[in-house]
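All ligand and atom numbering here is 1-based and tracks the order in the structure.
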Amino acid sequence: MQQTPQFSSDTTLITGASSGIGEALAMLYAQPGAHLILWGRSPTRLAKVAKNAAQRGATTECYSLDLTETNTALEQLRHNDTQTPISRLILAAGLGDIRKDGALTEAPSLVHELCLVNFTTPATLATEMADRMAKRGGGEIAFLGSVAAFHDLPMSTAYSGSKAGLARFSTALHAAMAPHHVSVTLISPGYVDTPMSQRLSGHLPFLVSPDKAAQKIKRAIARKKIHLIFPWPFAVFAFLESHLPRPIVHRLLRLSNVQQTPRDSKSTDA
Ligand SMILES: NC(=O)c1ccc[n+]([C@@H]2O[C@H](COP(=O)([O-])OP(=O)(O)OC[C@H]3O[C@@H](n4cnc5c(N)ncnc54)[C@H](OP(=O)(O)O)[C@@H]3O)[C@@H](O)[C@H]2O)c1
């Protein structure tokens, strides 16, 4: 699905634009004069997001691709940026998963997939983009991390581990790129009401709507913040965990009994 790209000095590429936070961000950046390059997997949902963005006056392009294929994604990014220089890259796509009830660990294949989607591919894409943006004098890059990065989650080792890697990568890239006028912003949300969190069982404290999350994220990117963590109680939890003895923290975390419905039961192409 493609609407003729036009040159725009306000070009935003969003990964994970077919759902949740990425979709809400696409709606927020959609305005006359803006050009949106929307990536996701589901072509049907991407087309719907593009249609809604076009109604708000933006021009759009959609690309259905799987971020487990890092090199394909990198080639696509180079192609997009050569056609229409990207002024803002928002790496929102992500996968969450929890160890199955009764299992000792997460499945190795799942750990591999999560690391590719949550860390390897976004870090690769951001590196290419940072170099290109720096050479033309500036730009904005944002990563969707998670507060899970700051906790040793025994039931989600791949999720908390991949997001922790992403968090360090983001702040390190910020340190490298600040002198070149490329801002790099790490976003660490708590629970946001999207298909990802709707698969979790139990109470989700301080749940935020995708629209509210998108507004906070857009503001943080515009202000070139290094790190936004929201809602604020999660910043307190992260501080506490980093100051308590680890064996005590681990004992408490092991008590958590969060479950998640399998991805396939909700990830339809609807
Ligand atoms: N929701 C929360 O509570 C929460 C909290 C903290 C952090 N986050 C982070 O926020 C980001 C957005 O999550 P969300 O809540 O908006 O989740 P979501 O509604 O499930 O959306 C996830 C997006 O990532 C895309 N995606 C997943 N795997 C992909 C793959 N292999 N290749 C390409 N695209 C892929 C999905 O594409 P398709 O749907 O087209 O497959 C979808 O657009 C994620 O990085 C997540 O870790 C979310």
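- Ring geometry, Phe150 versus His227: the interplanar angle falls from 30° to 60°, so the pair is classed tilted.
- Atom numbering of ligand 1 starts at 1 in the shown order; those under 4.0 Å from a heavy atom of Lys163 are 44 (C), 45 (O), 46 (C), 47 (O).
- When all heavy atoms of Ala213 and Val192 are compared, the pair lying nearest together is CB-CG1, 4.0 Å.
- Between the side chains of Glu106 and Thr157, a donor-acceptor pair is found at a separation under 3.5 Å.
- Atoms OH and CZ, from Tyr29 and Arg56 in turn, are 14.0 Å apart once rounded to the nearest 0.5 Å.
- Using a 4.0 angstrom heavy-atom cutoff, Pro210 does not count as in contact with ligand 1.
- Between Leu77 and Met129, the closest side-chain pair of non-hydrogen atoms falls below 4.5 Å.
- Only side-chain heavy atoms of Val117 come within less than 4.0 Å of ligand 1; its backbone N, CA, C and O stay farther off.
- Listed by number with element, the atoms of ligand 1 under 4.0 Å from a non-hydrogen atom of Ser197 are 3 (O).
- Remark: ligand 1 atoms within the under-4.0 Å shell around heavy atoms of Gly94 are 22 (C), 24 (O), 27 (C), 44 (C), 45 (O).
- Remark: ligand 1 atoms within the under-4.0 Å shell around heavy atoms of Gly145 are 7 (C), 8 (N), 9 (C).
- Using the six-membered ring where Trp is involved, Phe143 and Phe169 have ring planes that are perpendicular, over 60° apart on the 30 and 60° scheme.
- Taking 4.0 Å as the cut-off, Trp39 does not count as a neighbour of ligand 1 on heavy-atom distance.
- Listed by number with element, the atoms of ligand 1 under 4.0 angstrom from any heavy atom of Leu65 are 32 (N), 33 (C).
- Looking at ligand 1, you'll find an N or O of Val192 within less than 3.5 Å of one of its N or O atoms.
- A side-chain donor-acceptor contact under 3.5 Å links Asp66 and Thr68.
- Taking only non-hydrogen atoms, the option from Thr194, Leu116, Ile14, Leu67 nearest to atom 1 (N) of ligand 1 is Thr194.
- Evaluated by nearest non-hydrogen atom to atom 25 (C) of ligand 1, the leading choice among Ser19, Ser42, Ser162, Ala93 is Ala93.
- Contact atoms of ligand 1 toward Gly20: 16 (O), 19 (O) (distance under 4.0 Å to a heavy atom of the residue).
- For ligand 1, the polar-atom distance check finds an N/O of Ala92 within less than 3.5 Å of one of the ligand's N/O atoms.
- Proximity of Gly96 to ligand 1 is not established, as no heavy-atom distance is less than 4.0 Å.
- Met27 has its side chain within reach of Val49: a pair of non-hydrogen atoms, C-beta onward, lies under 4.5 Å apart.
- Using a 4.5 Å cut-off on side-chain heavy atoms (C-beta onward), Leu95 and Leu67 make no contact.
- Relative to atom 8 (N) of ligand 1, the option among Tyr159, Phe230, Phe234 with the closest non-hydrogen atom is Tyr159.
- Geometrically, ligand 1 and Val147 share no nitrogen or oxygen pair separated by less than 3.5 Å.
- Per-residue contacts place Leu95 under 4.0 angstrom from the following atoms of ligand 1 (heavy atoms of the residue considered): 27 (C), 28 (N).
- Minimum heavy-atom separation, Leu36 to Ala30: CD1-CB, 4.0 Å.
- Only the side chain of Arg45 comes within contact range of ligand 1, with a heavy atom under 4.0 Å; no backbone atom does.
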I would like to know whether Thr121 and Thr70 meet side chain to side chain donor-acceptor pair (under 3.5 Å); could you show each step before the answer? CA-CA 5 Å; Thr121 302; Thr70 307; 2.9 Å; yes
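- If you number the atoms of ligand 1 from 1 as listed, the ones under 4.0 Å from a heavy atom of Asp66 come out as 30 (C), 31 (N), 32 (N).
- For the residue pair Thr59 / His35, a side-chain donor-acceptor distance below 3.5 Å is found, with atom types taken as modelled.
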